[in-house]
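What follows is a short report on a single structure.
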2 protein chains.
Amino acid sequence: MTVDSSHRFDELDTKEAILAAAERLFAAEGVPRASLRAITSEAGVNLAAVHYHFQSKEGLVRAVLERRWQPLSERRFELLERAERSAAGAPSAEEVVRAFVGPPLEMIQRERGGHAFARFMLGAFIDPKGEVREMLLEQLKETIDRFTDALSAALPHLPRAEIYWRFHFMVGVMAHTIALGSLVHGYSGGLCDPHDVEGVTQRMVDFVVGGFQAPSPAGAATEPGS
Amino acid sequence: MTVDSSHRFDELDTKEAILAAAERLFAAEGVPRASLRAITSEAGVNLAAVHYHFQSKEGLVRAVLERRWQPLSERRFELLERAERSAAGAPSAEEVVRAFVGPPLEMIQRERGGHAFARFMLGAFIDPKGEVREMLLEQLKETIDRFTDALSAALPHLPRAEIYWRFHFMVGVMAHTIALGSLVHGYSGGLCDPHDVEGVTQRMVDFVVGGFQAPSPAGAATEPGS
DNA sequence: CGCTGAATCAAACGTCCGTTTCAAACATAC
DNA sequence: GTATGTTTGAAACGGACGTTTGATTCAGCG
């Protein structure tokens with residue numbers, strides 16, 4: 001019996017219940033196999049509520065991804081800006097790389113079933129008919145710009161095209177590790193522990209920084225024109 | 001055993017037609033959206049032929065992947081062994097890395113729609129319910145063993161666990177590049193050309209070798225500072 | 001020829017899915 | 001209280017899917 005927020009509270013409750021159940025089932029079963037009936041059943045809401053709140057199944061997929069993507073991007077920017085403030089001049093490549101690869105690893109450690117969710121998110125990028133991918137790429141654009149700029153400042157000798165390629169490689173390392181990192185334990189014979197998030201982060205950062213610091217292929221001899 | 005194989009020719013013909021159509025449609029539409037009706041229609045064969053030759057849709061997926069995976073592995077081993085023969089002692093990390101990341105890039109250049117197929121194959125790894133993944137991992141085991149051994153020989157100062165982690169990172173770079181490399185052209189503003197296979201290969205090799213040559217984190221030769 | 005087994009075919013089966021519909025419940029504003 | 005707009009509920013719709021079935025074709029062979 002409070003102010004106008006009572007019905008909104010219900011709305012958010014239903015919406016959130018759907019989002020939570022959808023996230024879990026999308027990750028565990030894959031989007032095509034996770035039926036709206038299973039999702040609404042697990043959420044304890046009516047089947048039609050999905051179309052009321054999200055218009056369609058794809059709208060639900062989009063909402064689930066957006067909900068996780070936003071904090072991830074914000075956390076990245078936060079770490080990057082912190083490094084930029086604390087550093088005299090530009091932050092080092094290592095700091096920039098850590099600001100990029102750290103947050104996803106934090107996320108999969110914090111959330112239960114994080115690996116499964118990471119696979120689900122990577123799947124959204126891979127899906128050839130993914131209209132959701134467009135949205136993610138749109139949101140990724142700002143991240144790409146900010147981080148390639150920072151990397152360019154940290155590695156001024158690298159041509160811009162090299163920065164983009166190596167940024168792409170870094171994304172590959174990150175995505176593959178959060179999505180399939182748990183496999184390493186198996187095929188290393190138990191030698192590697194994917195649950196040691198700090199250790200994995202450090203290893204990723206070392207590897208990627210090493211890659212960024214590799215000599216430029218076309219050689220320093222030729223100067224990029226324009 | 002008769003030498004004559006006329007009926008076998010027909011069988012292979014139908015089988016091959018299904019495999020080719022399935023490969024194309026799986027890559028273009030994604031496995032769940034590629035219906036057996038669409039596949040058999042494109043192949044010009046009867047719907048029931050799929051179950052006759054492959055038992056189920058999943059059997060077809062498995063067969064399509066297996067057909068591409070095998071030559072890929074063989075090509076990798078061929079390049080690795082060539083490097084091992086030509087080198088005095090062990091081949092360098094660069095040669096080993098090139099033997100690993102080169103063949104997939106050759107493949108997507110050679111085949112039409114190679115990028116789409118690479119996405120499809122990566123999707124098979126990501127699929128949380130993928131029983132096909134088990135098969136691929138099984139086949140990957142030998143590749144992992146051979147290449148981690150070779151990398152260990154090229155980089156004897158690295159602990160074995162580091163080798164596994166960095167191998168995993170290399171797989172990430174490779175997978176992400178063959179599956180989503182075409183995106184780089186877009187977000188680099190046309191600066192990067194993903195169709196320049198040799199250039200991309202060289203860049204990947206440089207990056208990955210740089211990563212492998214990074215100092216070991218907890219190792220004896222730790223870098224000063226923090 | 002007639003038999004045999006593999007291969008193809010058209011047709012159907014049963015199921016599950018995303019979506020829609022429309023009425024009931026609900027809180028709010030007057 | 002009545003009117004209004006929002007949210008939930010039960011039930012159904014129409015279609016697409018993987019799979020199965022049983023007949024049919026055809027080659028090889030004694």
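A note on names: the letters A, B, ... follow the listed sequences, proteins ahead of strands, and every chain is numbered from 1.
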>> From C-beta outward on B:T14, which listed nucleotide comes closest to its side chain: D:dA11, D:dG18, C:dT8?
In response: C:dT8

>> Quick check: on DNA chain D, is the nucleotide nearest A:Y52 upstream (toward 5') of the one nearest A:A48, or the reverse? Name the residue that is more 5'.
In response: A:Y52

> Is there a donor and acceptor pair, one atom on the side chain of B:N46 and one on the base of C:dA7, closer than 3.5 Å?
Replying inline: no

> How long is the line joining CD of B:E29 and C1' of D:dC17, in whole Å?
Replying inline: 15 Å

>> Regarding B:R82 and B:E95, does a basic nitrogen lie under 4.0 Å from an acidic carboxylate oxygen?
In response: no

> Given atom CD1 of B:I18 and atom P of C:dA7, what is their separation to the nearest angstrom?
Replying inline: 12 Å

>> Does C:dC16 have its OP1 or OP2 closer than 4.0 Å to a side-chain nitrogen or oxygen of A:S35?
In response: no

>> I want to verify a distance call: between C:dT20, C:dT8, D:dT19, whose nearest atom is closest to the B:H53 side chain?
In response: C:dT8

> Just checking, A:R68 and A:F117: is the charged tip under 6.0 Å from the six-membered ring centre and within 45° of the axis?
Replying inline: yes

> A:F100 ring centre to A:R76 NZ or CZ under 6.0 Å, with the angle to the axis within 45°?
Replying inline: yes

>> Can a donor-acceptor pair be found, under 3.5 Å and without considering hydrogens, that links the side chain of B:H115 to the backbone of B:I178?
In response: yes

> Roughly, in whole Å, what's the span from NZ in A:K15 to P in D:dT8?
Replying inline: 10 Å

